[in-house]
> 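What follows is a single structure, and I will ask about it in a moment.
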Amino acid sequence: MGNGKSVAGDQRAVPTQETHVWYRTFMTEYPSGLQTLHEFKTLLGLQGLNQKANKHIDQVYNTFDTNQDGFIDFLEFIAAVNLIVQEKMEQKLKWYFKLYDVDGNGSIDKNELLDMFVAIQALNGQQTLSPEEFTNLVFRKIDINNDGELTLEEFINGIAKDQDLLEIVYKSFDLSNVLRVICNGKQPDTEIDSSKSPDKAGLGKVKMKSL
(Lines give C-alpha, C1' and ligand atoms only; values in the text may rest on other atoms or scores of the structure.)
Protein backbone atom coordinates (compact mmCIF):
# COMPACT_ATOMS: atom_id res chain seq x y z
CA MET A 1 0.00 0.00 0.00
CA GLY A 2 2.33 2.83 -0.50
CA ASN A 3 1.24 4.71 -3.55
CA GLY A 4 -1.19 6.97 -1.70
CA LYS A 5 -4.09 6.15 -4.01
CA SER A 6 -7.23 6.89 -2.04
CA VAL A 7 -10.08 4.43 -1.82
CA ALA A 8 -12.31 7.45 -1.58
CA GLY A 9 -10.97 9.11 -4.69
CA ASP A 10 -9.81 12.68 -4.18
CA GLN A 11 -12.07 13.31 -1.19
CA ARG A 12 -10.27 14.33 1.99
CA ALA A 13 -12.51 14.35 5.06
CA VAL A 14 -9.88 14.29 7.82
CA PRO A 15 -8.58 17.81 8.52
CA THR A 16 -4.89 18.22 7.81
CA GLN A 17 -4.16 19.32 11.35
CA GLU A 18 -5.54 16.03 12.67
CA THR A 19 -3.65 13.78 10.27
CA HIS A 20 -0.48 13.90 12.37
CA VAL A 21 -2.41 12.54 15.36
CA TRP A 22 -3.64 9.60 13.31
CA TYR A 23 -0.13 9.06 11.98
CA ARG A 24 1.49 9.09 15.41
CA THR A 25 -0.96 6.54 16.78
CA PHE A 26 -0.85 4.37 13.65
CA MET A 27 2.93 4.17 13.96
CA THR A 28 2.63 3.40 17.67
CA GLU A 29 0.30 0.49 16.90
CA TYR A 30 2.25 -0.64 13.82
CA PRO A 31 5.93 0.40 14.19
CA SER A 32 6.79 -1.07 10.79
CA GLY A 33 4.36 1.36 9.22
CA LEU A 34 2.36 -1.53 7.81
CA GLN A 35 -0.77 -3.27 9.06
CA THR A 36 -1.04 -6.95 8.17
CA LEU A 37 -4.23 -8.87 7.44
CA HIS A 38 -3.89 -10.65 10.78
CA GLU A 39 -3.58 -7.31 12.59
CA PHE A 40 -6.61 -5.97 10.70
CA LYS A 41 -8.70 -8.93 11.86
CA THR A 42 -7.36 -8.60 15.41
CA LEU A 43 -8.24 -4.89 15.47
CA LEU A 44 -11.85 -5.68 14.55
CA GLY A 45 -12.10 -8.77 16.77
CA LEU A 46 -12.59 -11.07 13.79
CA GLN A 47 -10.48 -14.09 14.66
CA GLY A 48 -11.69 -17.68 14.48
CA LEU A 49 -14.02 -17.16 11.54
CA ASN A 50 -15.13 -19.93 9.24
CA GLN A 51 -13.80 -20.15 5.69
CA LYS A 52 -16.61 -18.18 4.05
CA ALA A 53 -16.54 -15.37 6.61
CA ASN A 54 -12.76 -15.20 6.36
CA LYS A 55 -13.04 -14.86 2.60
CA HIS A 56 -15.32 -11.85 3.04
CA ILE A 57 -12.95 -10.10 5.46
CA ASP A 58 -10.00 -10.88 3.20
CA GLN A 59 -11.84 -9.11 0.38
CA VAL A 60 -12.59 -6.13 2.62
CA TYR A 61 -8.88 -5.89 3.47
CA ASN A 62 -7.95 -6.10 -0.20
CA THR A 63 -10.18 -3.15 -1.07
CA PHE A 64 -8.27 -1.02 1.43
CA ASP A 65 -4.92 -2.34 0.17
CA THR A 66 -5.09 -0.24 -2.96
CA ASN A 67 -1.71 -1.21 -4.40
CA GLN A 68 -2.22 -4.89 -3.56
CA ASP A 69 1.12 -5.40 -1.84
CA GLY A 70 -0.46 -7.35 1.02
CA PHE A 71 -0.23 -4.57 3.62
CA ILE A 72 -2.09 -1.43 4.67
CA ASP A 73 0.23 1.53 5.09
CA PHE A 74 -0.70 4.89 6.57
CA LEU A 75 -1.75 6.51 3.30
CA GLU A 76 -4.13 3.64 2.59
CA PHE A 77 -5.31 3.71 6.17
CA ILE A 78 -6.14 7.42 6.13
CA ALA A 79 -7.86 6.99 2.76
CA ALA A 80 -10.08 4.35 4.38
CA VAL A 81 -10.84 6.70 7.28
CA ASN A 82 -11.72 9.46 4.82
CA LEU A 83 -14.10 7.10 3.07
CA ILE A 84 -15.85 6.29 6.34
CA VAL A 85 -16.26 9.80 7.71
CA GLN A 86 -17.32 11.60 4.55
CA GLU A 87 -21.00 11.85 3.74
CA LYS A 88 -20.87 11.27 -0.03
CA MET A 89 -23.01 8.23 -0.79
CA GLU A 90 -21.53 7.79 -4.27
CA GLN A 91 -18.02 7.31 -2.89
CA LYS A 92 -19.22 4.71 -0.39
CA LEU A 93 -21.15 2.83 -3.07
CA LYS A 94 -18.05 2.82 -5.27
CA TRP A 95 -16.23 1.12 -2.41
CA TYR A 96 -18.99 -1.48 -1.96
CA PHE A 97 -18.97 -2.11 -5.72
CA LYS A 98 -15.24 -2.78 -5.50
CA LEU A 99 -15.86 -5.10 -2.55
CA TYR A 100 -18.43 -7.15 -4.48
CA ASP A 101 -16.49 -7.16 -7.75
CA VAL A 102 -14.23 -9.95 -6.54
CA ASP A 103 -12.45 -10.63 -9.83
CA GLY A 104 -11.95 -6.92 -10.49
CA ASN A 105 -13.28 -6.97 -14.05
CA GLY A 106 -15.45 -3.88 -13.59
CA SER A 107 -18.80 -5.62 -13.22
CA ILE A 108 -20.63 -7.75 -10.65
CA ASP A 109 -22.23 -10.99 -11.83
CA LYS A 110 -24.78 -13.07 -9.96
CA ASN A 111 -22.24 -15.60 -8.71
CA GLU A 112 -20.04 -12.86 -7.23
CA LEU A 113 -22.95 -11.26 -5.41
CA LEU A 114 -24.29 -14.61 -4.24
CA ASP A 115 -20.91 -15.78 -2.94
CA MET A 116 -20.38 -12.45 -1.18
CA PHE A 117 -23.69 -12.59 0.66
CA VAL A 118 -23.20 -16.24 1.60
CA ALA A 119 -19.96 -15.09 3.26
CA ILE A 120 -21.72 -12.10 4.85
CA GLN A 121 -24.38 -14.39 6.30
CA ALA A 122 -21.66 -16.62 7.70
CA LEU A 123 -20.15 -13.56 9.38
CA ASN A 124 -23.26 -11.70 10.53
CA GLY A 125 -25.72 -14.53 11.05
CA GLN A 126 -29.12 -15.15 9.52
CA GLN A 127 -30.52 -12.28 7.49
CA THR A 128 -34.10 -11.43 6.58
CA LEU A 129 -33.42 -12.50 2.99
CA SER A 130 -31.38 -15.52 2.00
CA PRO A 131 -28.33 -14.82 -0.21
CA GLU A 132 -30.22 -16.26 -3.16
CA GLU A 133 -33.27 -14.09 -2.52
CA PHE A 134 -31.15 -10.98 -2.08
CA THR A 135 -29.15 -11.65 -5.25
CA ASN A 136 -32.29 -12.19 -7.32
CA LEU A 137 -33.89 -9.08 -5.83
CA VAL A 138 -30.90 -6.89 -6.63
CA PHE A 139 -30.66 -8.02 -10.23
CA ARG A 140 -34.40 -7.77 -10.76
CA LYS A 141 -34.40 -4.18 -9.51
CA ILE A 142 -31.22 -2.67 -10.88
CA ASP A 143 -29.88 -4.78 -13.78
CA ILE A 144 -31.35 -2.37 -16.31
CA ASN A 145 -30.31 -4.21 -19.48
CA ASN A 146 -30.90 -7.68 -18.01
CA ASP A 147 -27.50 -8.99 -19.07
CA GLY A 148 -26.80 -10.69 -15.75
CA GLU A 149 -24.06 -8.24 -14.80
CA LEU A 150 -24.09 -4.97 -12.87
CA THR A 151 -21.96 -2.10 -14.06
CA LEU A 152 -20.74 0.54 -11.64
CA GLU A 153 -23.34 2.97 -12.99
CA GLU A 154 -26.19 0.47 -12.60
CA PHE A 155 -25.05 -0.41 -9.09
CA ILE A 156 -24.72 3.16 -7.83
CA ASN A 157 -27.89 4.49 -9.47
CA GLY A 158 -29.98 1.48 -8.50
CA ILE A 159 -28.85 1.11 -4.89
CA ALA A 160 -28.96 4.85 -4.20
CA LYS A 161 -32.62 5.00 -5.21
CA ASP A 162 -33.73 2.02 -3.12
CA GLN A 163 -33.56 2.59 0.64
CA ASP A 164 -34.07 -1.09 1.50
CA LEU A 165 -31.23 -2.25 -0.74
CA LEU A 166 -29.03 0.60 0.47
CA GLU A 167 -29.50 -0.45 4.09
CA ILE A 168 -28.65 -4.07 3.31
CA VAL A 169 -25.54 -3.05 1.38
CA TYR A 170 -24.33 -0.79 4.20
CA LYS A 171 -24.88 -3.57 6.73
CA SER A 172 -22.88 -6.05 4.64
CA PHE A 173 -19.79 -4.43 6.11
CA ASP A 174 -20.42 -1.69 8.65
CA LEU A 175 -17.84 0.96 7.86
CA SER A 176 -18.97 3.20 10.72
CA ASN A 177 -18.29 0.40 13.21
CA VAL A 178 -14.72 0.14 11.91
CA LEU A 179 -14.13 3.76 12.89
CA ARG A 180 -15.77 3.23 16.28
CA VAL A 181 -13.42 0.33 16.94
CA ILE A 182 -10.38 2.33 15.91
CA CYS A 183 -11.27 5.41 17.94
CA ASN A 184 -12.10 3.39 21.04
CA GLY A 185 -8.80 1.57 21.15
CA LYS A 186 -10.09 -1.75 19.79
CA GLN A 187 -13.42 -1.83 21.63
CA PRO A 188 -16.08 -3.00 19.12
CA ASP A 189 -19.61 -1.59 19.15
CA THR A 190 -19.03 1.12 21.73
CA GLU A 191 -19.48 4.86 21.55
CA ILE A 192 -16.51 7.15 21.22
CA ASP A 193 -15.57 8.65 24.57
CA SER A 194 -14.76 12.25 23.81
CA SER A 195 -13.23 12.64 27.27
CA LYS A 196 -10.29 10.46 26.25
CA SER A 197 -7.13 12.04 24.96
CA PRO A 198 -6.31 11.41 21.28
CA ASP A 199 -3.65 8.84 22.13
CA LYS A 200 -5.77 6.92 24.64
CA ALA A 201 -8.84 7.03 22.41
CA GLY A 202 -7.01 5.29 19.62
CA LEU A 203 -6.46 7.43 16.55
CA GLY A 204 -7.31 10.96 17.44
CA LYS A 205 -10.33 13.18 17.63
CA VAL A 206 -12.30 12.40 14.51
CA LYS A 207 -15.69 13.89 13.86
CA MET A 208 -17.81 10.94 12.87
CA LYS A 209 -20.52 11.29 10.29
CA SER A 210 -23.22 8.74 9.75
CA LEU A 211 -23.30 6.43 6.78
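From a predicted model like this one, the values you see are computed outputs, not experimental measurements.
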> Would you say the side-chain atoms of Y96 pair up with the backbone N or O of I156, donor to acceptor, closer than 3.5 Å?
no
> Should V60 and W95 be marked as a side-chain contact (heavy atoms from CB on, under 4.5 Å) after you check the CA-CA gap, both sets of side-chain angles, and the distance that decides it?
CA-CA 10 Å; V60 170; W95 182 83; 4.1 Å; yes
> Go through L49 and K55 one step at a time and tell me if the side-chain contact (heavy atoms from CB on, under 4.5 Å) criterion holds.
CA-CA 9 Å; L49 303 177; K55 182 179 179 181; over 6 Å; no
> Taking E154 for its side chain and I144 for its backbone only, find out whether a donor-acceptor pair lies under 3.5 Å.
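Between the backbone of I144 and the side chain of E154 there is a qualifying donor-acceptor contact (under 3.5 Å).
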> To the nearest 0.5 angstrom, please state how far the CD atom of Q59 sits from the CG atom of D115.
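Q59 CD to D115 CG: 11.0 Å, rounded to 0.5 Å.
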> Please assess K98 against L152 for the test side-chain contact (heavy atoms from CB on, under 4.5 Å), listing each intermediate value before the final yes or no.
CA-CA 9 Å; K98 183 179 179 181; L152 176 61; over 6 Å; no
> Within the 4.5 Å heavy-atom criterion, are F74 and T19 side-chain neighbours or not?
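Side-chain contact under 4.5 Å: yes.
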> Donor-acceptor check, side chain of E112 to backbone of D109, threshold 3.5 angstrom: yes or no?
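Yes.
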> Tell me whether D101 is salt-bridged to K94, with the criterion being a basic N under 4.0 Å from an acidic carboxylate O.
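Between K94 and D101 there is no salt bridge, as every charged N stays at least 4.0 Å from the carboxylate O atoms.
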> Should we count NZ of K41 as having more than 12 external heavy atoms under 6.0 Å?
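Above 12, so yes.
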> Looking at CD1 of I78 and CZ of F26, how far apart are the two atoms once the value is rounded to the nearest 0.5 Å?
9.5 Å
> Test your reading of the model: is there a side-chain donor-acceptor pair from D164 to the backbone of I168, 3.5 Å cut-off?
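No, because the side chain of D164 does not come within donor-acceptor range (under 3.5 Å) of the backbone of I168.
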> With heavy-atom distances below 4.5 Å as the criterion, would you say the side chains of F77 and Y30 are in contact?
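F77 does not reach Y30 side chain to side chain.
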> With distance as the sole test, does D143 use its side chain to make a donor-acceptor pair with the main-chain N or O of D147 at under 3.5 Å?
yes
> I'd like to know if L129 and V169 are part of one continuous hydrophobic network [Ile/Leu/Val/Met/Phe/Trp/Tyr, side-chain heavy atoms within less than 4.5 Å].
yes
